[in-house]
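Input: a single structure, listed below in structure tokens.
Values reported hereafter were calculated over all heavy atoms of this structure, with side chains retained and with hydrogens, waters and symmetry mates removed. Labels below follow one simple rule: chain letters A, B, ... track the order of the sequence lines, proteins then strands, and each chain is numbered from 1. Because the structure is a prediction, the values reported are computed rather than measured.
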Protein chains: 2
Amino acid sequence: MSDVARLAGVSPITVSRALREPHKVSDKLRETILEVVEEIGYVPNFAARALASRHSGIVAVLAPIMDMSGFFHAARGVEERFLTSDVSTQFANIGLNAAEEAKLLRLFVAQNPAGIILESVAEFPVNKPLIAELGCPVVQMMDTSIEPLDMGVGIRNRAAATAAVEHLLEQGYERIALLGGGKDIRSRRRFEGYRDALLRAGRYDPAYVFESESGNPMEQGVKLIHNLKRRMPEVDAVFCHNDRLAMGVYFGAQQMGIRVPEEFGICGYNGVDFAEMEESPLTSVYVPLYEIGFKAADMIMRYLTEGVRPETAVELPFEIIKGNSTRR
Amino acid sequence: MSDVARLAGVSPITVSRALREPHKVSDKLRETILEVVEEIGYVPNFAARALASRHSGIVAVLAPIMDMSGFFHAARGVEERFLTSDVSTQFANIGLNAAEEAKLLRLFVAQNPAGIILESVAEFPVNKPLIAELGCPVVQMMDTSIEPLDMGVGIRNRAAATAAVEHLLEQGYERIALLGGGKDIRSRRRFEGYRDALLRAGRYDPAYVFESESGNPMEQGVKLIHNLKRRMPEVDAVFCHNDRLAMGVYFGAQQMGIRVPEEFGICGYNGVDFAEMEESPLTSVYVPLYEIGFKAADMIMRYLTEGVRPETAVELPFEIIKGNSTRR
DNA sequence: GTGAAAGCGCTAACAC
DNA sequence: GTGTTAGCGCTTTCAC
């Protein structure tokens, strides 16, 4: 930076200002400075900036990445929102237990992040005080059923699951199983929504609720349909917690010669791959993951620039994609 | 840190050493120090550490993330290797043009990364000098056909594609189309491998080569099969550049009542979802993505700890998963 | 609108 | 094996 300052005939602090707070520097000087910056290819040192300014300019996204439960699309939304800002994004994978959650939270807090975005995190009461002390904006994304600690954005997973199961009922399926995954808030809400719909229809049976084990979801789906047909042949549809489980069920049905949708209906969840198709092969609940990520990042940005919390909780719409796997 | 030092009755530098180079501190002191650290919940400030030590302790992974061309699994491998180290990983999305590549490279260089892992990056000759100046270990991952600038790990995509197409030929498919994507090195090698196999069999026809447009790969797959059946009904199989394109083709075939594999064969690429299934629904080329990522990270770590380049180029094996989409 | 001085929290280099 | 000194490259504060 001092090189730039020398070449532009100003002091280092003016260069610093020209870069971060352009309005505080006269037009002429700013122009000269930016030219020199361009010329010598100066790039500021993040570490020094973070150390001096006491914030890193990094927004940390903590999520159970390895679930691949659509995190990817949300991450894209986050990145794209920050693209035009000087905030950069860092992703960290987080498991779903209180101790690990606390450890990662503490680690990030110590790095003075500009903001934190949490997905299915901070659900343990024990860690709530940690978040309260954070001193930076926090957005919890994905489900709106919990009161956000600071800000929140998501969909109503419970209502979405209910709508999906009601669609299955409307199509005439009568014994609807659940292939679930995970213990996080979204999974619990999906289960509740499933149960709501079936209780109302007088068709709820806990024996039809299956937890997928960890591992390859497509394989889990194949296994499920094999087990169902062997042990509960009366089941004629399944509501899956994500699309890859659903595709596994679909492929398994193909292998066994079970006709989809005539004999067996399949509904997935997330639907990002199918939302824009003219004719979707799979029925699914479309979750606006990209938009959720974008909005989460936007809330952080607005807090950072305007100093006020734009909204506390934002609810985005979901949609049932009626595809060929339940059309009959 | 000075708090810890005071409470432990030592100087700050000793605390620093106890944390980073434990062997340089006597057992007794180290124990006391670590106790105090635990007690007051001290967490080092990364920015200060990076500024003072001139390296950030961050390994940057630059990849065309948004392609979702299996990046995800490689990323898991990278993360898992670094989990037990004090290196942390940062991912950045990179497009596939020289200018953007140069910009991102420059940005990361300025942050003094501990290492850089590149996927389908640094293919532009104009950017090679940039990498040479880097001063940190660099691993290029995914394809072994190019001479790595520093270190490399991957598979032989050209040979893998040839093997896949030969499998299709063995199964009796005669007019084999290609549904390709992207312009990066892997995609080019896959095309070459496809061409190699068909030229050798006297069956290569450039009219059967299709570039998928950007956008939803599953939708691209559906479109392809529609177009093929309308305009080139003689085509009886397709080799796809990834599994989601292949699944799109599969679903499209279902919609149109084309029987897979009897009338039409489909082969995907990457195969991570199918590798461990007893009976895979889709034929695919299994690429050990996780292992590639893990190995890339391992090479960086070994360079960092041992100061020597462990290997220059590592080639991992691929495998053809013979699934139901070509079984006839 | 611009600059001087001080310091962010840590580590490299060297001394003991 | 431990401590002292200096400084990493930037921003804050305050003065002009």
With a 4.5 Å limit on heavy-atom distance, are the side chains of [X] and [Y] in contact?
X: B:Phe82; Y: B:Val59; result: yes
X: B:Val37; Y: B:Leu19; result: yes
X: B:Met151; Y: B:Pro310; result: yes
X: B:Phe294; Y: B:Arg76; result: no

Any ion pair linking [Y] and [X] (charged N to carboxylate O, less than 4.0 Å)?
X: B:Glu306; Y: B:Arg302; answer: yes
X: B:Asp143; Y: B:Arg186; answer: no
X: A:Lys295; Y: A:Glu311; answer: yes
X: A:Glu21; Y: A:Arg30; answer: no

Open item on the list: Quick check on DNA chain C: between A:Thr14 and B:Ala48, whose nearest nucleotide comes earlier from the 5' end?
Closed with: A:Thr14

Using a heavy-atom cut-off of 4.0 Å across all strands, would you classify [X] as base, sugar-phosphate, or nothing?
X: B:Arg20; result: sugar-phosphate
X: A:Phe46; result: nothing
X: A:Pro12; result: nothing

Task: Boundaries of the DNA chain C segment in contact with chain A, non-hydrogen, under 4.0 Å - done: C:dG1 to C:dG9

Task: Nucleotide interval of DNA chain D bounded by contacts with chain B (heavy-atom cut-off, under 4.0 Å) - done: D:dG1 to D:dG9

Open item on the list: On DNA chain D, compare the nucleotides closest to B:Lys24 and A:Asn45; which residue's is nearer the 5' end?
Closed with: B:Lys24

